Amino acid sequence: MPAETMQSGAEVLLRALKDQGVDVVFGYPGGAVLPIYDAIFNQNAIRHILVRHEQAAVHAAEGYARSTGKVGVVLVTSGPGATNAVTGLLDALMDSIPVVCLTGQVPTHLIGNDAFQEADTTGITRPATKHNYLVKRSDDLARVVHEAFYIARSGRPGPVVIDLPKDILIGKAPYVAPVATHRSYRPRTEPDPAQIGQAVALLKGAKRPVIYTGGGVVNAGPAAAAALTRFVRMTGFPCTSTLMGLGAFPASDPQFLGMLGMHGTFEANLAMHGADVLLAVGARFDDRVTGRLAAFCPGAKKIHIDIDPSSINKTVPVDVAIIGDAGRAIAELTAAWEADAATPDRAALAEWWRQIDAWRAKQCLRFTQDMAPGAIIKPQYAIRRLHELTRAQSKDTFITTEVGQHQMWAAQHFGFEKPNRWMTSGGLGTMGYGLPAAMGVQLAHPDALVIDIAGEASILMNIQEMGTLAQYRLPVKVFILNNQYMGMIRQWQELLHGSRYSESYSNALPDFVGLAESFHATGLRAENVGQLDGVIERMLASDRAVIADIAVDPAENCFPMIPSGAAHNEMILGPEHEDEARGITDEGLVLV
Amino acid sequence: MPAPDNNHLRSATISVLVDNESGVLARVIGLFSGRGYNIDSLTVAPVDDARGRSRINVVTSGTEMVIEQIKAQLDRLVPVHRVADLTREGPHVAREMALVKVVGTGDGRVEALRIAETFRARVVDTTIESFVFELTGATEKLDAFIELMRPLGLAEVSRTGVAALARGTRTIGGNVT
Ligand SMILES: Cc1cc2nc3c(=O)[nH]c(=O)nc-3n(C[C@H](O)[C@H](O)[C@H](O)COP(=O)(O)OP(=O)(O)OC[C@H]3O[C@@H](n4cnc5c(N)ncnc54)[C@H](O)[C@@H]3O)c2cc1C
Ligand SMILES: Cc1ncc(C[n+]2csc(CCOP(=O)(O)OP(=O)(O)O)c2C)c(N)n1
Ligand SMILES: [Mg+2]
C-alpha cells in the first residue's frame, strides 16, 4: 500500500475495532493515547464512554460482555492508566470474560528508559491476561487487533491487552482485514464421540446422578443454556449450578437444587456428596465448590465437559473428560442419549428424588422476618421482595453485585431464569465490581432494568462511577444492603476468630441519600420493614439512577455455610449450629 | 481417560515448540513460577529461522496430575504450537553440556585429567594450574563427573541445561514419513 493512502496507526486501530463490530469503548484519556482520542473525535461509529477510574472501565466492559456475549473494549493511557486496569483484567481472566484492553505506551525509542508514565505493561499484565501484545511495528498493528479479538472471544474467553506505543499510533500503518485463524492458537470445540459414548453409558446406568453446571454454559451462549435445559428435563436428573452459572438453567424449575458450594443449598451439597454419577458442564471444581477435596463427591464417577483442557483433572480427577464447547457437547450427549437403547433406572431415580425432597424439606434458606412495621429488615427478605417486585414489572432485569454477604444472599434468594442476566465477580471476588459492571450492562441494554445489589463497604470502592451514570443518563439502580459492617468479614471473625471484630465495622459512612443527590441521582432509604416495599417500588418506577440505602440487620449471617476445609456433608445450616464452625481445625483456618 | 495418579512423583522432560516472539520465554517461566511448578532445567534456542520457531526444553517433576496440568497450561499459551512429554511419549535422548573448571597442581591435577579421559571430557583450556573440561552427556553423567572433581579442585561449573529429542522417526510435529 503506498504510504500516502495509509492512515495513522490510531485510525487503523479504530477501523479494526469497527470491523470487529465494536460499538462502545470504555476509557479514560492520557498523554500516550491522545492520538486515539483524536481519531475518536473524528468519527461516529464507535461511542466512547468516559469512566471515572480505569478499573471501572474494565468492569464496565465485563458487564457489557457478560450481558451480550460480545467482546468488551477498554482504552486507557500508559503507566497509571494501565496499572489501574490490572484488577479488572485479572477479574476478567478468573471469570472467563472476553475483553480487549488497549493501553497507551511511551514511544518505542523510549521504552526501557523509565520515561514519563512508562510501565512494563506487558510484563505486569502477563499473568492477568489470556494473552498480551506490545505492538512494535506499524505493519503488525491491524493484524494484532484482529488476533486479540479472536483470542479474547474464542475457546475459553478472557482478557487480551494490546500495548500501543505512541509513535505507532501517530505513524502511518497498513490495514488488513480480520481473519479468524491463528498460527499456533487453536481452541478445541468439537467433543470426541468416544467420550460422549462413555458418558452416556455412565449416565444411563446412574442411580443417584447430579448435573453440576457452571459459567462455561453461559460462555457457550444462550443456545447452550437452552440445550442444557432440554437435556436436564429429558433425563429427569437433578441440576445444581455454581455461582457463575446461575440462570443457565431456570431457578424455578423443580429439577433445580439451587447453588452448590460454600454458601450453596443443603440439598445441592448433599446431593453432590451422595451422587454416584456426576456430570460437570463448564464448571471448574473451584475450592468454594468442592470444600475439602479428599471428601468431595466420594462415591461418584465423574464426567467433565470443558473447553479448556487445563480445567480437567486440575483439582479433581475425573473418569470421563469431554473437551469441547458446552453447547456442542450437550447437543452430542442429547443425540447419543436418544440413540442409546438402554433405559435409565427410573425406580432408582425416583428413590433419589425422594431423598432429595427430604433434604429440601429442611428449607435451608429459611429466615424469620418480623412483619411489625417498625421491625428491622432481614437482608434475605429485602432480596426476596426485590425479586418479587421486579418480576411484577415487564422490563428485562439484569443483576450485578459487589462482593460479600449481599452477593451470596442475592445468589440464594433472587431466582435467575435466563442466562446472561447475572454478573458477579466470582473468581477474584472484587469489591467495587458491581456498579461499573451495571453501567456496562445498561449501556448494552438501554431499556432494561439493571440493579447492582451492593454492600455499604463495597459500593465505596467505585462510587465515583455515579458520575458516569449521570453523564450518560444511565438509570442504574444501586440497592445497598447496609448492615454497617463488612458483613462477610464480620461473619468469619464471629465464627472463626472468637468474635474479635477487628477493623470490619463500616465507620463514618456517607449519607447515601445525600451522596446520590450530589451525583444528580435519586437517593432513597428504608429504615424498617414497613418502608421496604415503598422504597423498592419508587426505585423501580424511577427513570433515573437511584441509590436505595436499605438498613438491614447488622448481625445476620449468611447460611448455609461449609466452613473452610470441611466437606459437603459438614454444612452449618444456621445460627443454631454455629458452634460447629468454632471447632474448625488449624488446617481449615489457613484456607481463605 | 483414566484419572491420573496423584501419589508418585516423576520427572518429565517436556519440549515446547513456540513462535519465537518477544516475551514467550517470560510466559513459560512465569507460568512455572506463578503456579509453583519445579524447573530442574530449562533451555531455549531458535530451531527454525524460516518459520520463526524456537524450542524450549524443560525438565520438571511432580505427580502425574501436576505434570498433566503443566502440559495443559503450556499448551494454553497462545504462541505455543506443540507440547511433547518426551518422557511419556516414547524413548528419547537427552543431553547437556558442561564446562568444568578444576584448579590445582600435583597429584590432584593428574587424577582430574585421568578421570576426564574416562568420561571422554575434552580439555578446552589449560594453564599450569587449571583445566577447563568440556563434557557432553546425560545429566547424571555430568553430575557424576562434577562430584568426582569436587575433591580435586573443582572451581566453577557452567551447564547448558538439557536438550532432548524423541528417538526414531518421531518429531515434535508428528511422525516424519
Ligand atoms: C464471597 C464469595 C463466595 C463464593 N461462594 C461460592 C459458592 O458458595 N458456590 C459457588 O459455586 N461459587 C462461589 N463463589 C465463586 C467461586 O469463587 C468461583 O468463581 C465459582 O465457583 C466458579 O464457577 P465455575 O466453576 O462455574 O467456573 P467459571 O469461573 O465460570 O469457569 C468456567 C469454566 O467453564 C469453562 N468454559 C468456558 N467456556 C466454555 C465453553 N464454551 N464450553 C465449555 N466450557 C467452557 C472454562 O474453561 C472454565 O473451566 C464465591 C465467590 C465469592 C467472591
Ligand atoms: C478489593 C477487595 N478487598 C477486600 C476484599 C475482602 N472482602 C470480602 S467481602 C468484604 C466485605 C464486604 O462488605 P460489604 O460490601 O459491606 O458487604 P457485606 O458482606 O456486608 O454484604 C471484604 C472486605 C475483597 N473481596 N475485595
Ligand atoms: Mg456490609
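To find a chain, count down the sequence lines: A is the first, B the second, and so on, and within it residues start at 1. Note that this is a predicted model, so its numbers are computed, not measured.
Residue-environment remark: CG (Asn113(A)) exceeds the threshold of 12 foreign heavy atoms within 6.0 Å.
You'll find the ring centres of Phe133(B) and Phe119(B) outside the 6.0 Å limit.
Interface residue Arg183(A): backbone and side-chain heavy atoms are both found under 4.5 Å from chain B. Only the backbone of Val80(B) comes within contact range of chain A, judged by heavy atoms closer than 4.5 Å. In this structure, the portion of Lys136(A) lying under 4.5 Å from any heavy atom of chain B is its side chain and not its backbone. Heavy atoms of Arg27(B) lying under 4.5 Å from chain A belong to its backbone as well as its side chain. For a residue to count as touching a neighbouring chain, one of its non-hydrogen atoms must lie under 4.5 Å from one of that chain's; by this rule Thr315(A) touches chain B with the backbone only. Of the atoms belonging to Asn132(A), heavy atoms from both backbone and side chain fall under 4.5 Å from chain B.
Counting only distance, with no hydrogens or angles, the side chain of Glu190(A) and the backbone of Gly324(A) share no donor-acceptor pair below 3.5 Å.
A salt bridge is absent between Lys71(B) and Glu89(B); no separation between the charged side-chain nitrogens and carboxylate oxygens falls under 4.0 Å.
Between the side chains of Ser96(A) and Arg156(A), a donor-acceptor pair is found at a separation under 3.5 Å.
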